[in-house]
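Just follow the structure's listing: the first ligand is 1, and inside any ligand the first atom is 1. Since the model is a prediction, treat every value here as computed from it, not as a measurement.
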Amino acid sequence: MRKKIKNNVDWVGKIDWELREFHGSDFSVNRGSSQNAYLIREEKTVLVDTVWAPHAREFIDNLKQEIDLKDIDYIVTNHGEIDHSGALPLLMAEIPGTPIYCTANAVKSLVGQYHHPEWNFKTVKTGDTLDLGNGKQLIFVEMRMLHWPDSMAAYMTGDNILFSNDAFGQHYAVEELFNDCCDPCELWYEAMKYYANILNPFSPLVTKKIEEVVALNLPIDIIATSHGVIWRDNPLQIVQKYAQWADAYQEDQVTIVYDTMWDSTRVIAHEIAGYINKFSPDTKVRVYNLSNTDKNDIMTEVFRSRAIAVGSPTVTNSILSSVSGWLAFLKELKFKNKKAAVFGSYGWSGEGNKELRAKLAEAGFEVVEPEVRANWKPTREELLPSEAVARALAQG
Ligand code: FEO
């Protein structure tokens, strides 16, 4: 179904209400998502991106309601990942010679995925242009590592639309399509979750790219993302937010994350939580059990925290696999400028805290000295260091 974006530019993507996970199970999708594709009809007709492979047939059928596919002069593929390129095989079977504008890296990924080296690729670099007629152009901007080496954006002069692909997107299904029409709390939460769980490792590049795009001095009326809402009302607000998020972002929050076998580590988690506001009354405190809370939502809370505490009981000379798996993901996300503390219970050998310390240090956290370590069920005496842990996390 087509939706008007501006003048001769229409949205022709897929609102994917059923989607519940993304990148395998690496990213939970709680509110659905969309794969946004766009059709530009100036003197030249241009398709910008497509949809995920399972929706390819529906996408092509809908597109045929709009135009004769043979009228498409150019295809722009901003990113080769299959959620945006998945309809290319069906499309190219119908219009095989149509030029595909993309980066050199995108050619590698498209050929690797679809095995069609004969497609008519036209590789572009930052600053290259494509004439649309009617005095309008597309200007290409490479977005290397935001979030793949092949990522690119395209800016449309005249209508001042930035087709940003994954950057500035959210996994958030809304029929309303524009940022001024949807629930702002949901939108900002989903935008932050997307940044924290996908883009945060590339924050230094985000900062550089924003500086580069701002220096181009291009007026931007619309940021047309490839997932979620399109930024139409004050579109630069999401650019400004990305600049903040990329700069070792934190709020006044402490988050406590744990898993527990027989409740002892849970008791310590809540003991620490109860002391935080004694030392810092305005600090937000959040406590999450990894076994019953979405890992990506917890990661979003870590993203906005200035300190965390992580707890696990000792099990088979190590920590629970739920906690070690989560810590591996934490390391990938490269959070900066955050403190951490450790806690846990044990019955026999008791190496859990040591392992937590090592893994948090590897993940780039400044691990504070105080810790809570309790044998079997924590006694009042064993819980006493909870106050020192809370003080270390709450201050500074
Ligand atoms: Fe939305 Fe990197 O694909």
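- Of the possible polar contacts, none joining the S318 side chain to the V315 backbone as a donor-acceptor pair under 3.5 Å is found.
- Within the protein, the N, O or S atoms lying under 2.8 Å from atom 2 (Fe) of ligand 1 are H79 NE2, E81 OE1, H147 NE2, D166 OD2.
- A cation-pi geometry, defined here as NZ or CZ lying under 6.0 Å from the six-membered ring centre and within 45° of its normal, holds between K193 and F27.
- For the ring-ring contact (aromatic ring centres under 6.0 Å, His included) condition, the pairs that include at least one residue of residues 317-348, sequence neighbours left out, are W348-W376.
- S280 contributes no side-chain N or O that, together with a main-chain N or O of N277, makes up a donor-acceptor pair within less than 3.5 Å.
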All N/O donor-acceptor pairs, side-chain side in residues 121-130, below 3.5 Å, sequence neighbours left out:
from	atom 1	to	atom 2	distance (Å)
T126	OG1	E142	N	2.9
T126	OG1	E142	OE1	3.3
D128	OD2	K125	N	2.8

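- Residues passing the ring-ring contact (aromatic ring centres under 6.0 Å, His included) test with F168, sequence neighbours excluded: Y242.
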